[in-house]
Amino acid sequence: MIKKLLAVFGLVLFFSVACFAAHLTGYVSDEQCAVRSSKAAKASDWVNPKGFESCAQRCAKNGSAMVFVTEDNKVLKIDASSAKKAGALLGHRVSVDGEVENGTLKIDKIAGIEMEPQTKANDQEEHTH
């Protein structure tokens, strides 16, 4: 009996860790810039509100995959079925309801929200993220 209970508990724990519902705020970015800026403590340290949208769109047009960057600068892939929803807000700060599984975000609902001013000066004008 105890073994069965432990087995059921283990399965429940496994599935709750592997896939979880989430409400997140962050940024729809391109992978190249997100990875290049991955050492920043927060996404707002590198996201420049004045040029983020045009830069993310330019990089995505040049083949960089679209990703979601959390406020604490964690990069999540966006699943293929969510790409159309997220694409309309590429380069924007967003609020997302969805599921995260193995580093991939499946978006149920997404909405743009106002960007906060950049917290650190960005000296690289050519990289406007």
Side-chain angles (χ1 to χ4, degrees):
M1 179 68 168
I2 299 262
K3 286 182 181 180
K4 286 183 182 180
L5 185 58
L6 287 174
V8 170
F9 179 75
L11 285 173
V12 169
L13 182 62
F14 172 78
F15 285 110
S16 67
V17 172
C19 179
F20 62 93
H23 176 78
L24 304 166
T25 58
Y27 303 84
V28 179
S29 182
D30 66 282
E31 186 173 34
Q32 178 182 343
C33 291
V35 169
R36 185 179 63 230
S37 303
S38 65
K39 293 185 181 182
K42 299 182 296 185
S44 60
D45 291 346
W46 64 270
V47 171
N48 178 349
K50 293 181 182 176
F52 180 58
E53 180 178 10
S54 63
C55 189
Q57 290 179 356
R58 183 174 53 250
C59 291
K61 185 177 180 180
N62 289 332
S64 183
M66 193 175 6
V67 296
F68 179 80
V69 181
T70 64
E71 298 285 0
D72 62 348
N73 210 32
K74 303 288 187 265
V75 178
L76 300 172
K77 293 178 182 180
I78 296 175
D79 84 323
S81 66
S82 300
K84 187 173 182 179
K85 293 176 190 176
L89 292 166
L90 178 61
H92 291 262
R93 185 169 181 234
V94 296
S95 173
V96 173
D97 290 323
E99 294 180 4
V100 176
E101 183 174 3
N102 299 320
T104 301
L105 174 62
K106 181 177 181 182
I107 299 170
D108 294 325
K109 181 180 171 186
I110 186 169
I113 54 177
E114 186 176 342
M115 266 198 229
E116 296 175 6
Q118 193 171 9
T119 58
K120 288 187 179 178
N122 187 347
D123 297 330
Q124 299 176 336
E125 288 299 321
E126 69 276 5
H127 300 292
T128 56
H129 281 1

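Atoms considered below: every heavy atom in the structure, side chains included; atoms not considered: hydrogens, waters and symmetry mates.
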With a cut-off of 6.0 Å (strictly less than), are more than 12 heavy atoms of other residues, nucleotides or ligands near NZ of K77? no
D108 CG to S82 OG distance, which is reported to the nearest 0.5 Å: 7.5 Å
What heavy-atom pair brings A22 and V100 nearest, and what distance separates the two atoms? CB-CG2, 4.2 Å
With a 3.5 Å distance limit and no angle check, can you tell me whether S64 reaches the backbone of D30 through a side-chain donor-acceptor pair? no
Heavy-atom pair of closest approach, residues F68 and V94: CE1-CG2, 3.6 Å
Answer yes or no: is there a donor N or O on one side and an acceptor on the other, between the side chain of N73 and the main chain of A40, under 3.5 Å? yes
Just by distance, do the side chain of D45 and the backbone of S37 share a donor-acceptor pair under 3.5 Å? no
Between R93 and E71, is there a side-chain N and carboxylate O pair less than 4.0 Å apart? yes
Give, for atom CD of E101 and atom CG of D79, the distance between the pair rounded to the nearest 0.5 Å. 10.0 Å
Testing the basics here: between A56 and L90, what is the closest heavy-atom pair and its distance to 0.1 Å? O-CD2, 3.8 Å
Testing the basics here: between V67 and A34, what is the closest heavy-atom pair and its distance to 0.1 Å? CG2-CB, 3.9 Å
Separation of K84 NZ from M66 CE (nearest 0.5 Å): 12.0 Å
Nearest 0.5 Å, please: how far is CG in L76 from CG in N102? 11.5 Å
Check against side-chain contact (heavy atoms from CB on, under 4.5 Å), M115 and Y27: CA-CA 9 Å; M115 266 198 229; Y27 303 84; 4.1 Å; yes
Of all heavy-atom pairs linking V69 and S29, the shortest is CG2-CB, 4.0 Å
Heavy atoms only: give me the nearest G112-L89 pair and the separation to one decimal. N-CD1, 3.8 Å
From CG (N48) to SG (C33), nearest 0.5 Å: 11.5 Å
If you measure from NE2 on H92 to CD1 on I110, what distance do you get to the nearest 0.5 Å? 10.0 Å
Tell me, please, which residues at least two apart from S38 pass side chain to side chain donor-acceptor pair (under 3.5 Å). none
